[in-house]
Amino acid sequence: DTDLLTSLTTQLTSSNEKRQLQALDDLSALMPDGGEKLLELLKTATWAWGVKGRAYELLTELGDAEIKSALVDQYPQGIVPLLSEKGLDYQPLQQLLQHHDYQAADDLTLKLLCQLAGPAAQKRGWLYFTEVEQFPIPDLLTIDHLWLAHSQGKFGYSVQRQIWLGLGQNWSQLWEKINWRQGKKWTRWPGEFTWDLSAPRGHLPLSNQLRGIQVINALLNHRAWSQSST
Ligand code: MD9
């Protein structure tokens, strides 16, 4: 067991994101053993958000009172810093995502984007691309990091952007790749979307295509994604 812990620790600190997530899965079977080590790694390792969030989730699910109080101490708002230039409270989104309540989190994400856009968009219930272009970088990054952290790096606008760039910015291929459309048939909201981690990469968060691509185009081209990650 000590040998296994040592080898998992090596895997957690030295390899790629996929192998790190695999190591976390293996480690979860040994827990609560390894909890202290994982807490230490969470503070020191340079992990992608998907790995950090999974490690954080595993630690919060432990009964251990000392680890719990250390987490509350270190990360009172969760693993992702909840930065907002507009004074929005991202704690409710953090809670839903931490508990993998992806459908409620998706609804709330749209609400938050409307709040970011202002009173007219809140009343309208949907966005103009010109409003999206004005979104502050910290807010968009906070939302994206929350989705990444609590989906093992599977969900988030930055994931959708990466896939879309990989497809030569072809929207039609993106819809198929992330299961928003199958052949000629658009996926129907909400029942036909996949609200768990069995979804393909980039499936969530949703952007309604009823009014065309302008909004998602503005989201995936936002200047937030050309910044260094923070
Ligand atoms: C992805 C093509 C998340 C008629 C709910 C949030 C909203 O209303 C009914 C509401 C309305 O505005 C919602 C989400 C999505 N849709 C809806 C997501 C989504 C994705 C791809 C598509 N949609 C594509 C698509 C096409 C036509 C429509 N949609 C029509 C439609 C209608 C409603 C919704 N969609 C809601 Mg969809 O009238 O934004």
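Fair warning: this is a prediction, and the values are worked out from it, not measured in the lab. Both counts, for ligands and for their atoms, begin at 1 and track the order of listing.
Listed by first and then second residue, the side chain to side chain donor-acceptor pair (under 3.5 Å) pairs that reach into residues 125-137 are Arg124-Glu131, sequence neighbours excluded.
The aromatic ring centroids of Phe155 and His203 lie 6.0 Å or more from each other.
For ligand 1, the 4.0 Å heavy-atom shell contains residues Leu110, Trp180, Trp186, Trp189, Phe193, Leu206, Ser207, Asn208, Gln209, Leu210, Arg211.
For Trp175, the side chain to side chain contact (heavy atoms under 4.5 Å, CB included) partners are Trp171, Trp180, Arg181, Trp186, Gln209, Ile213, Ile216, not counting sequence neighbours. By the side chain to side chain contact (heavy atoms under 4.5 Å, CB included) test, Lys86 is found to be paired with Ser84, Leu88, Leu116, Pro136, Asp139, residues two or more places apart in sequence or in another chain being considered.
With rounding to the nearest 0.5 angstrom, the CZ atom of Arg54 is 13.5 Å from the CD1 atom of Ile79.
Each of Asp25, Leu38, Leu42 was checked for a side-chain contact (heavy atoms from CB on, under 4.5 Å) with Leu58, and the lone residue meeting it is Leu38.
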